[in-house]
Amino acid sequence: MENLLGLLRIHVHRGVNLAVRDVMSSDPYVVVKMGKQKLKTRVVKKNVNPEWNEDLTLSIDNPNLPIKIGVYDKDTFSRDDKMGDAEFDIRPFLEAVKMRLESLPSGTIIIRIPPSRQNCLAEESHIIWANGKVVQNMFLRLRNVECGEVELQLQWIDIPGSRGL
């Protein structure tokens with residue numbers, strides 16, 4: 001607890017054009033990992049464009065670790081099939097949180113992150129001030145698979161008594 005900086009809420013919104021891993025569709029779910037932490041969404045049956053709309057919360061003590069996303073197809077009688085993976089760096093997001101920009105109008109873009117070979121962004125990601133909070137919306141292009149993207153939103157949660165940013 002003494003090294004805890006705060007919590008990162010990851011809103012796993014949806015998957016777009018995910019790979020087919022069963023006969024005609026897939027039963028996808030998302031696994032989010034950071035260091036030794038591992039969280040999962042529910043399975044959405046028979047859907048390559050699933051809407052999870054789930055919040056997963058990670059405890060952040062080392063902001064230098066990447067967050068890894070894996071998408072899998074749930075199988076009943078065999079190992080779950082991989083449907084791609086991605087990772088992202090939370091340091092630009094945390095830098096925006098540290099700025100303490102309470103006076104900005106809602107909707108103001110703080111930082112723009114372009115897609116590049118060093119990240120898995122499918123399109124430019126914006127870190128914005130929205131309704132009194134810093135949030136980052138991102139579309140991640142899945143790697144090691146023929147197609148698919150996952151839409152996420154990041155939000156920081158300060159914890160009283162934590163080391164903080």
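When hydrophobic clusters are built by joining Ile, Leu, Val, Met, Phe, Trp and Tyr residues whose side-chain heavy atoms come closer than 4.5 Å, directly or via intermediates, Val48 is grouped together with Val44. Leu142 and Tyr29 fall into different hydrophobic clusters, defined by Ile, Leu, Val, Met, Phe, Trp and Tyr side-chain heavy atoms under 4.5 Å apart, directly or through other members. Hydrophobic cluster membership differs between Val135 and Val12, with clusters built from Ile, Leu, Val, Met, Phe, Trp and Tyr side chains linked at under 4.5 angstrom. Leu152 is not connected to Val43 by any chain of hydrophobic side-chain contacts under 4.5 Å among Ile, Leu, Val, Met, Phe, Trp and Tyr, and they are in different clusters. The hydrophobic clustering, which links ILVMFWY residues whose side-chain heavy atoms are closer than 4.5 Å, places Leu101 and Ile109 apart.
Rounding to the nearest 0.5 Å gives a distance of 11.0 Å between CD of Glu151 and CE of Met138. Here Asp80 contributes atom CG and Asp73 contributes atom CG; the two are 7.0 Å apart, rounded to the nearest 0.5 Å. Rounded to the nearest 0.5 Å, atoms OG (Ser125) and CD (Gln153) are 10.0 Å apart. Put simply, OG1 on Thr108 and NE2 on His126 are 12.5 Å apart, with the number rounded to the nearest 0.5 Å. The NZ atom of Lys33 lies 11.0 Å from the CD1 atom of Ile69; values are rounded to the nearest 0.5 Å. Interatomic distance, CZ of Arg9 versus CD1 of Ile157, reported as 3.5 Å (0.5 Å rounding).
A donor-acceptor contact shorter than 3.5 Å links the side chain of Ser116 to the backbone of Gln118. Put simply, the side chain of Thr41 gets close to the backbone of Val30: a donor and an acceptor are under 3.5 Å apart. In this structure a side-chain-to-backbone donor-acceptor pair under 3.5 Å is missing from Asp75 to Phe77.
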Without placing hydrogens or testing angles, list every side-chain donor-acceptor pair under 3.5 Å for residues 15-23, not counting sequence neighbours.
residue : atom : partner : partner atom : Å
Arg21   : NE   : Lys82   : O            : 3.1
Arg21   : NH1  : Glu146  : OE2          : 2.9
Arg21   : NH2  : Glu146  : OE1          : 3.3

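Using a 4.5 Å heavy-atom cutoff, the side chains of Leu8 and Trp156 are in contact. Counting heavy atoms from C-beta on, the side chains of Arg42 and Glu54 come closer than 4.5 Å. Counting heavy atoms from C-beta on, the side chains of Lys46 and Asp27 come closer than 4.5 Å. Between Leu7 and Ser59, some side-chain heavy-atom pair lies under the 4.5 Å cut-off. Taking 4.5 Å as the limit, some side-chain heavy atom of Val31 sits within range of a side-chain heavy atom of Lys38. Residues Val71 and Val145 form no side-chain contact, since every pair of their non-hydrogen atoms from C-beta on lies 4.5 Å or further apart. Counting heavy atoms from C-beta outward, Leu58 and Leu56 have side chains that stay 4.5 Å or more apart.
Residues Ile60 and Leu4 share a closest heavy-atom pair of O-CD1, 3.6 Å. Nearest heavy atom pair, residue Trp52 against residue Arg14, reads CZ3-C, 3.7 Å. A pairwise comparison of heavy atoms in Thr57 and Leu39 identifies O-CD1, 3.3 Å as the closest pair. Minimum interatomic distance between Ser106 and Ala130 (heavy atoms only, all atoms of both residues): OG-CA, 3.4 Å. Across all non-hydrogen atoms, the minimal contact from Leu65 to Met34 is O-CE, 3.4 Å. Minimum interatomic distance between Arg91 and Pro63 (heavy atoms only, all atoms of both residues): CG-O, 3.5 Å.
Partner of Phe88 under the side chain to side chain contact (heavy atoms under 4.5 Å, CB included) criterion, chosen from Leu154, Leu121, Asn119: Leu154.
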Worksheet item: Met99 and Val134: side-chain contact (heavy atoms from CB on, under 4.5 Å), yes or no, with the steps?
Response: CA-CA 10 Å; Met99 291 179 191; Val134 176; over 6 Å; no
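Of the charged side-chain nitrogens involved, none lies within less than 4.0 Å of a carboxylate oxygen, so that Asp61 and Lys36 do not count as a salt-bridged pair.
Atom CG of Asn53 sits in a crowded spot, with more than 12 heavy atoms from other residues, nucleotides or ligands closer than 6.0 Å.
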